[in-house]
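Order of listing sets the numbers, starting from 1, for every ligand and every atom in it.
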Amino acid sequence: MKMKKFAVAAAIAMMGMSLMACGGKKTAESAAESKAEGAASVKAVSAGKLIMATNAEFPPYEYHEGNEIKGIDVEICRAVAEKLGLELQIEDVAFDAIIPEVASGKADLAAAGMTVTEDRKQNMDFSDTYATSIQLILVQENSTIAGKEDLSGKKIGVQQGTTSDLFSTEDFGEDSVVRYSKSMEAVQALSQGKIDAVIVDSQTAKEFVNEVKGIKALDSSYSDEAYAIGVKKGNTELLNAVNAALAELKSEGKLDEIVTKYTKAE
Ligand code: ARG
């Protein structure tokens, strides 16, 4: 326990130092050098800031409220940033632009209720998982669709680039899947009878069912999801610092507190 605390403090201190020393930019050479000495080098995109790429169309994890972006991921990343002595900055982009933002070094973190998948691991490194979820199938209230097995040949709405998109394309084929830039657009198409079902992560699904009349969520789960924060491939220092901060937030009870705050009204 003591050791762990120390490791966390050291990781954070080293991150702060390398940020101060080089303004977040390091040459490959100096990074290799400090690695050899066993020191950390954090490639932060912008000095003093922790830039989080997200897609704020996924309540309660991230959503717009007035001019603000709020949600579980926002609060978790703000708390992580605080532990690292950095200020959180949010970049709201299309879901399928999040990984490119991080991979190309425009953002430090991907935090978007993003499920860890083998494919995504090719382009990004993932933190320890901080939440689990399932996906649900939404249908019109009077629909005859009762489960996954009734979906073949049907029109299924998904948010482009999400695991709903990937899994339903795999399960039911390209012709069945209708892609939208936001899950809410798929839900609206469903309520207007333009498509037969929507697949979306359960907490978001529940928010949509509360908001939109005439639709319901089926009881059975479509898939299992485990959310993690993504960092640029090979940025082990940031990854370790994020994992250490997440572990602290968990043991402090802060993670649960944040989740409860956004999910209590059900
Ligand atoms: N968990 C799903 C995935 O990883 C959906 C995430 C959607 N998140 C969002 N912020 N729109 O693909």
Going by atom types alone, do Gln203 and Thr263 pair a side-chain donor with an acceptor below 3.5 Å?
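Side chains of Gln203 and Thr263: no pair found under 3.5 Å.
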
Go through the structure and list residues passing salt bridge (Lys or Arg N to Asp or Glu O under 4.0 Å) with Glu141, not counting sequence neighbours.
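In terms of salt bridge (Lys or Arg N to Asp or Glu O under 4.0 Å), with neighbours along the sequence ignored, Glu141 is linked to no residue.
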
Applying salt bridge (Lys or Arg N to Asp or Glu O under 4.0 Å), can you list everything that pairs with Glu149, at least two apart in sequence or on another chain?
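With neighbours one apart ignored, the set is empty.
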
For residues 90-102, which side-chain donor-acceptor pairs fall under 3.5 Å, sequence neighbours excluded?
from: Glu91; atom 1: OE2; to: Gln89; atom 2: NE2; distance (Å): 3.1
from: Asp92; atom 1: OD1; to: Ala56; atom 2: N; distance (Å): 2.8
from: Asp92; atom 1: OD2; to: His64; atom 2: NE2; distance (Å): 2.9
from: Asp96; atom 1: OD2; to: Gln160; atom 2: NE2; distance (Å): 3.1

Between Tyr63 and Tyr262, how do the two ring planes meet: parallel, tilted or perpendicular, split at 30° and 60°?
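Tyr63 vs Tyr262 ring planes: perpendicular.
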
I need the contact residues for ligand 1: any residue with a non-hydrogen atom closer than 4.0 Å to the ligand, ordered by chain then number.
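Contacting ligand 1 under 4.0 Å are Asn55, Phe58, Glu62, Phe95, Ala112, Gly113, Met114, Thr115, Arg120, Gln159, Thr162, Thr163, Asp201, Glu225, Tyr227.
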
Step by step, would you call Val116 with Arg120 a side chain to side chain contact (heavy atoms under 4.5 Å, CB included)?
CA-CA 7 Å; Val116 182; Arg120 289 173 180 167; over 6 Å; no

